[in-house]
Structure formats: C-alpha cells, structure tokens
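Before any comments, here is the structure.
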Amino acid sequence: MDSNIFKPKILIVDDIPENLFALEKILLKLDAQVFRASSGNEALARILDHEFALIILDVQMPEMDGYEVAEILKSDEKTENIPIIFVTAIDRDDAKEIKGYGTGAVDFIFKPLNKFILLSKVNVFLELHKIKNGLEQIVEARTAQLSHTNKELKEQIEKNIEATCEIERARAYLLKVINSISSCLISVDSEGKITDMNSHAQHLASFVGSPHIYSPTPAPLPNGEGENNDSLPKGSGGEGQKNYLETYRSEYAAAKSISEVFPFYRFITKNIEKAIETGEFVEKNRIPVYIKGKLVINNFAIYPFSFNDNKGAVIRIDDVTERVKMDEIVIQSEKMLSMGGIAAGMAHEINNPLAGIIQNIQVIRNRIYGDLPANHKAANECGLSLEVIRQYMDKREILRMMDSVQQAGNRAAQIVDDMLSFSRKHEGTLKDENLQELVEKSIKLAIADYKTKSEKDIGEIEIIRNYQQGMPLISCQPSKMQQVLLNIFKNGLQAMENIEYGAVKRFNITIGITDNMASIAIADNGEGMPEEISKKIFQPFFTTRKSGTGLGLSISYFIITEDHKGTLSVFSTEGQGTEFTIKLPLHKSTPVIADSNKMEY
C-alpha cells in the first residue's frame, strides 16, 4: 500500500519555476505530499482532484493573481476552509495584507523566504490539519456509533411497542374472559379494600344502587358532565364508552370495603380476613342472601394470594338460586319415583282383601234380597221366611250399613286404582286436541261436581279467559288431560271456599305459547299456601285436607311429566291465591281460532 495516501497534501502555486523548485525543496523535509501549480488556473484544476491541507500561493502571477484564486476558493463551500499562505516579494503593505486576509489568506510570507519561518508556519497548519482530521474521524466514528445506537434503540422501541401492544391485547383478551364469566369476581388488598372487580360485580353494585358505584344511569362524571360528555375517548363508540364507564366505576369503587359497596355481603368480611391472614382457601356454599328484598342463594369462594410481599384475595360469588331449585326438583322427582314404587306395592297388598270385602258384600246382598230358590229353602229350613228376615234387616238399617260398606269399598278400590295409575307408566293413545275445548269442558264439570257434593254454597264464580288466537291443536291423551284439569280446578274451588261471603271468586285462565311450548296457566284467588307446603304439593299422599287422599296432584304431575313429556309447576302466595302452569310440547297441526272472553257460572 502506498504510504503517501495518508500524508497531508500541500499545493504550492508560483509562475516562476525556480521559486517552485526552492519551495518544494524546503517542504520535502516535511512528512507531506507537495503538489506544484504554475498558474492560478492550474491551481484550481489541482484543487478539483485533491484535498489539500495547505495552499502556498504567490500573489503576483499573470492572467490570474493570488487574490483572484483565493476569492474563487472562498466562494465555494468545499474549498472555503482550506488555509492559504500568501507569498509575495513586495514590501509589507498593510492595505494589501488586509486585502489578502479578506480574500481568505491566513498568513503572509515575504521573499526572500526564510526557511525556518516557512517550515514553522507550515508545521503549524499541518498539525491543525491532523487535529481536524482526527476530530472528523472521531465525529464520524461517534456519528456511526450514534447512528447504530439509534437504529438499535429504534428497533428496541418498535419491539417494546409491539410487546406493549401484545400485552394490551392479552390484557384485553383476559379482561373479556374475566368479564364473560357469569360469576362476580372481586379482588381486595390486605386490608380488605376493593382493588378491582369484573363487569358482573359492577352491574350487581349498580343494580342495588350502591353509593360507591354508578348506577345504569350514572350520576355526573368528575368534570360535571353526564355519560355523553366530551371527556370520553373520541371515536370510542358504544363499546369504548361502556369500557370507559366500567373502568371508571371500578376505579370509583376502589379503596372501598366489601361492606361499603356490597352491604348485603358484609358477613363474609371475617372470612376474607381469615383467608388473607392464613393463606388458606375458604368456601361457603348455598348461603341465602336478600338483595333488594329478593332471596338469592350464593356460593362464595375466597382465594388468597401473595405478590411482591403484598397480600390480598380474590372473591368469587356465584348465583346458584336456579341450580338449587333444579336440585330440589330432582330430589322431588326421585322421591316421587320411589313413592311410586311404594304405592304400587301397597296397592297390590290392599287390592286382594279389598276385592274379597266388596265381593262378599255383593254376595250377602244377593243372598238376602235376591229371589233365588236357594235363599227360600235355607230360610224355610230355619223356620223363617225371607220377608221376615228382610223386615228385620230394614228395621236395623243393616241394608244401609251394607251400602256404606259397599261405597267405602268402591272408594278404596278407586284409591287403589289411582295408586296403580300413579306407579304405572302409561302408553296411551295420543290425539290432536283443542286445549281451549278441554279446559271449557273441565271447568264446567268441576263446578257442577263441586256444587253437587259440597255442603257450602260457593256462589257465583267468575272466569277470566285469556286465550291466544291461532293456537294449534296439541297432541295429548284427552281423558288424562281432563283428569289433570279437573284436579286443578277442584283444588282451586276448595281453596276459594273460605273467601269472605259476597266476595268475587275467580279463575283466571291463560292459554298460549310460551318458550316454544303450549301453556295453560290456571290461577285462583283462594287462600293460597306457604312455600313449605307448595314444595310438597306434588308428593304422593301429601294433603292438607281431612277428606283428601293426597294422590290427585301427584297423579296429575306424572300424567304431564311422564305421559306427555311436559312440565307442571305451582306458584302460590299465602292469602293471595295459587297458579298452576301446565306446559306441553308443540306438534305441527291445524291452527284453531279462539277469542278471549269473560263468562260466569
């Protein structure tokens, strides 16, 4: 590699060759490259091809003197900083020196040249050039390093932004997962103060009108504006506004205790404190809670946690009211199934002796009142006549007693038949029936039967009918459906016996389609019953009346649920009345038209 490449370059300009030779000879002692130019134009041409550390320029030259060359170099930003030493043979003249400095000269040397002075001045400028180059290299290196650092920093910032976006996406996803959970989730710190909660917990607090959280129609936000104020994120729309408000509600409830935000859950505060203190999971199941007067069954689970020496807990609250009701229904169904087996066994055990009683009563009646030769023969052998025997029995009302035994036996046989019907799964023939016609027949029969058998005058009964028009025919077993309806109407009539005399006794009957099922709702305004009784009303042999068998509604329940794959439910309020609801599966058939009207019987 040529070592001259890294040496500084000096340009000497003079129109006299001897002067160039003398200058070059002196400057060759320096560690530098020396270039010659014999005119101003040649000097400018050299400058285009090389980068010079210093120009030694003769002032007096033909065609273009040194001042003109200096002015041209000064006018170009690429060459304006090249230091120029003027060489002149003229005696010192302040005016000319000022002119030279004005055109870009940094120094003057006068002929004849002083070798020592020339080398000293040139060395100074070479040193300055080295320093300048060194600084430029440092600046370039630092610039390159800074550029590299900036590039790395930019890449890191982009990675951080992407990571932040990913975290935000993960956070948003996790938030949606947490908010989609049907449970109420509430986190508290070591002092039991709320730090956060999911949307279900926020909605619960809004529902009960907690003073520490906004209701569904919130109070003004902090700046005094309503929900549609300008402080909401621009362009956020409904979802953004909802998220903003839920965040604000959550923050507003922060630092408040469970008792302050959810006063109906204050009883679990001690359990929360215990879980945080011991670090052990706490669970409380099927706890009844009254929220705005409504009974709700809740499960509570308290999960303690520790993070960076900070303790706290997450409380999960589940509404299991419907689950508990379903469990009760399952238990009730299982109980009724087991009772069905018992009923079947009892019916078979009772049936045999009962059949003997009824049959023998019939035989006794036949042997006393039947005009048979064997009867007369036996009486004559005893010295009696059948007429005398019959007179005696009539006098002692034995016949009436036999009729009572016969009636009691028949009634017992009916009970046995009902018990067998209760325990047996029927495979009856289904027919498409008009529910409105079935209901009308049943109400008429029930009222007529009640007025015939009851010792009390029930008076006029108002029937309010709410029948949906265009109801389709429903596939069912007509006789069994009528049996169910008769049982319900009879129960209603009995429940209205004790209504104050003169008060209106009323059935409110609604027929329509609910939840894709045909529905019959029969409500009376009788005495009603407490919840503990309504829970047992479909149990076999359960009755509150002295004359009842406790099988009517049990059989009705099985007719609807087992034979028709429907549902039968009851809702009653003591002192206000009872409503039975029958729901049956729909089957495509011919629609019928019925009008709602009002009649009295």
Side-chain angles (χ1 to χ4, degrees), residues 418 421-422 424-452 458 460-496 505-526 537-538 551-571 577-601:
D418 287 345
S421 177
F422 170 76
R424 190 185 309 121
K425 185 174 181 179
H426 298 275
E427 297 293 341
T429 302
L430 297 175
K431 293 175 61 181
D432 286 344
E433 288 290 329
N434 186 327
L435 290 183
Q436 297 170 13
E437 292 179 359
L438 278 178
V439 169
E440 291 298 325
K441 290 178 185 177
S442 301
I443 187 67
K444 288 178 182 178
L445 286 172
I447 292 174
D449 180 72
Y450 183 84
K451 288 182 176 181
T452 301
I458 197 169
E460 295 298 326
I461 299 169
E462 181 184 18
I463 311 294
I464 298 177
R465 297 169 174 83
N466 300 296
Y467 296 168
Q468 179 179 321
Q469 293 187 0
M471 277 289 294
L473 301 178
I474 302 302
S475 181
C476 65
Q477 299 178 44
S479 60
K480 290 189 177 181
M481 277 301 302
Q482 196 163 19
Q483 180 183 351
V484 172
L485 293 168
L486 281 170
N487 273 323
I488 292 173
F489 283 126
K490 285 180 180 179
N491 273 275
L493 291 167
Q494 291 171 355
M496 293 188 288
K505 300 173 179 64
R506 181 185 302 111
F507 278 115
N508 194 322
I509 307 171
T510 302
I511 300 177
I513 296 176
T514 305
D515 299 329
N516 292 321
M517 297 186 80
S519 173
I520 306 172
I522 302 171
D524 64 63
N525 63 340
I537 199 167
F538 297 124
L551 285 173
L553 289 176
S554 297
I555 293 170
S556 299
Y557 182 87
F558 269 83
I559 287 173
I560 298 299
T561 58
E562 293 295 318
D563 294 344
H564 293 83
K565 306 305 178 186
T567 62
L568 176 60
S569 60
V570 62
F571 176 79
T578 302
E579 181 179 59
F580 287 89
T581 303
I582 301 169
K583 289 186 178 180
L584 301 172
L586 288 173
H587 295 275
K588 293 182 180 179
S589 188
T590 306
V592 297
I593 304 296
D595 297 327
S596 299
N597 50 38
K598 181 176 178 180
M599 297 178 60
E600 291 186 353
Y601 289 101

task = Measure the shortest side-chain to side-chain distance between Arg506 and Ile461 over non-hydrogen atoms and say whether it is less than 4.5 angstrom.
result = no
query = Do the non-hydrogen side-chain atoms of Asn508 and Ile522 ever get within less than 4.5 Å of each other?
reply = no
remark   = Shortest non-hydrogen pair, Leu438 vs Pro478, comes out as CD2-O, 4.1 Å
inquiry  = Is there a side-chain contact between Lys431 and Ser475 in this structure, where contact means two heavy atoms from C-beta onward sitting under 4.5 Å apart?
reply    = no
key: Main-chain N/O of Gln436 paired to Asn434 side chain as donor or acceptor, under 3.5 Å   = yes
inquiry  = Between Leu485 and Ile582, is there a side-chain heavy-atom distance shorter than 4.5 Å?
reply    = yes
query = Does some side-chain heavy atom of Phe538 sit less than 4.5 Å from a side-chain heavy atom of Thr561?
reply = no
key: Side chain to side chain, Ile474 and Glu433, heavy atoms closer than 4.5 Å   = no
task = For Asn487, enumerate each residue passing the side-chain hydrogen bond (donor to acceptor under 3.5 Å, both in side chains) test, keeping only those at least two apart in sequence or located in another chain.
result = Ser556
ask   = Quick one: do Lys480 and Asp563 make a salt bridge, cutoff under 4.0 Å?
value = yes
message = According to side-chain contact (heavy atoms from CB on, under 4.5 Å), who are the partners of Lys441, at least two apart in sequence or on a separate chain?
response = Gln482
message = Among residues at least two apart in sequence or on other chains, which ones pass ring-ring contact (aromatic ring centres under 6.0 Å, His included) with Phe580?
response = none
request  = Using modelled atom types only, decide if a donor and an acceptor are shared between the side chain of His564 and the backbone of Ile559 within a distance under 3.5 Å.
outcome  = yes
ask   = Out of Asp524, Leu445, Val439, which one pairs with Phe489 under the side chain to side chain contact (heavy atoms under 4.5 Å, CB included) rule?
value = Val439
inquiry  = Under the rule for side-chain contact (heavy atoms from CB on, under 4.5 Å), what residues qualify as partners of Thr581, not counting sequence neighbours?
reply    = Ser519, Ala521, Ser569, Glu579, Lys583
key: Within-4.5 Å side-chain heavy-atom neighbours: Val484 and Tyr557   = no
